[in-house]
Amino acid sequence: MIAGAGRGVLRILAAQAAMGVLAVLLSWVVAGFAAGVSALIGAGAYFIPNVLFAVRVLAGLYSPKISNPLTFFLGEAFKLGSTVLLLLLAAYLGRGWLVWPALLLGLVCVLKGYVLLFMVRRPR
């Protein structure tokens, strides 16, 4: 059961990464280099904290200790707070060249990466 949960977490991360790459490539081809970088920043703003949270969850799955639900909620708060801070940092540092539609496309594609799993789900 634990191995299945771990594989599920890794599949979600892979789907989010694939959707982020798709957003970056689409933005780059349609609107140029700055849009591609903006999409990468948007995708990374959610994906990087999510990977850190997933590593923490996976470590808790394989730990002999009983996990505390408060740890999960604190991790989720850290993930969301980190995402907001990274987006604020991107807005501050990219004032002159940031392409907002591309940044939002990258962010939304990674947020909705699980949709890719629904599309390629194997029948059981």
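Listed by chain and number, the residues in a ring-ring contact (aromatic ring centres under 6.0 Å, His included) with F72 are F53 (sequence neighbours excluded). Judged as a ring-ring contact (aromatic ring centres under 6.0 Å, His included), and not counting sequence neighbours, F33 has no contacts. With sequence neighbours excluded, the residues forming a side-chain contact (heavy atoms from CB on, under 4.5 Å) with A23 are L105, C109, listed by chain and number.
Nearest approach of M19 to K112, heavy atoms of both residues: CE-O, 4.5 Å.
Taking CG of L93 as the start and CG of L98 as the end, the distance is 9.5 Å to the nearest 0.5 Å. L74 contributes atom CG, which lies 10.0 Å from atom CZ of R56 (distance to the nearest 0.5 angstrom).
Under the 4.5 Å side-chain heavy-atom criterion for grouping Ile, Leu, Val, Met, Phe, Trp and Tyr, L88 is not connected to V110 through any hydrophobic cluster. In terms of hydrophobic clustering, with Ile, Leu, Val, Met, Phe, Trp and Tyr side chains grouped at heavy-atom distances under 4.5 Å, L103 and V108 are assigned to different clusters. F73 and F78 fall into different hydrophobic clusters, where Ile, Leu, Val, Met, Phe, Trp and Tyr are joined by side-chain heavy atoms under 4.5 Å apart, directly or via other members. Linking ILVMFWY side-chain heavy atoms closer than 4.5 Å, directly or via other members, places L104 and L111 in a single hydrophobic cluster. Follow the hydrophobic side-chain contacts under 4.5 Å out from L25 and you reach L107 in the same cluster.
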Practice task
Might you work through the side chain to side chain contact (heavy atoms under 4.5 Å, CB included) test for Q16 and L116, ending with a clear yes or no?
Solution key: CA-CA 8 Å; Q16 288 179 331; L116 185 62; over 6 Å; no

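Grouped with L80 in a hydrophobic cluster is no other residue, since no side-chain heavy-atom contact under 4.5 Å to another Ile, Leu, Val, Met, Phe, Trp or Tyr is found. Side-chain heavy-atom separations under 4.5 angstrom define the hydrophobic clusters, and V29 shares its cluster with no other residue.
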For residues 37-49, run the donor-acceptor check on the side chains, cut-off 3.5 Å, and write out each pair with its distance to 0.1 Å, sequence neighbours left out.
residue	atom	partner	partner atom	Å
S38	OG	A34	O	2.8
S38	OG	V99	N	2.9
Y46	OH	K79	NZ	3.2

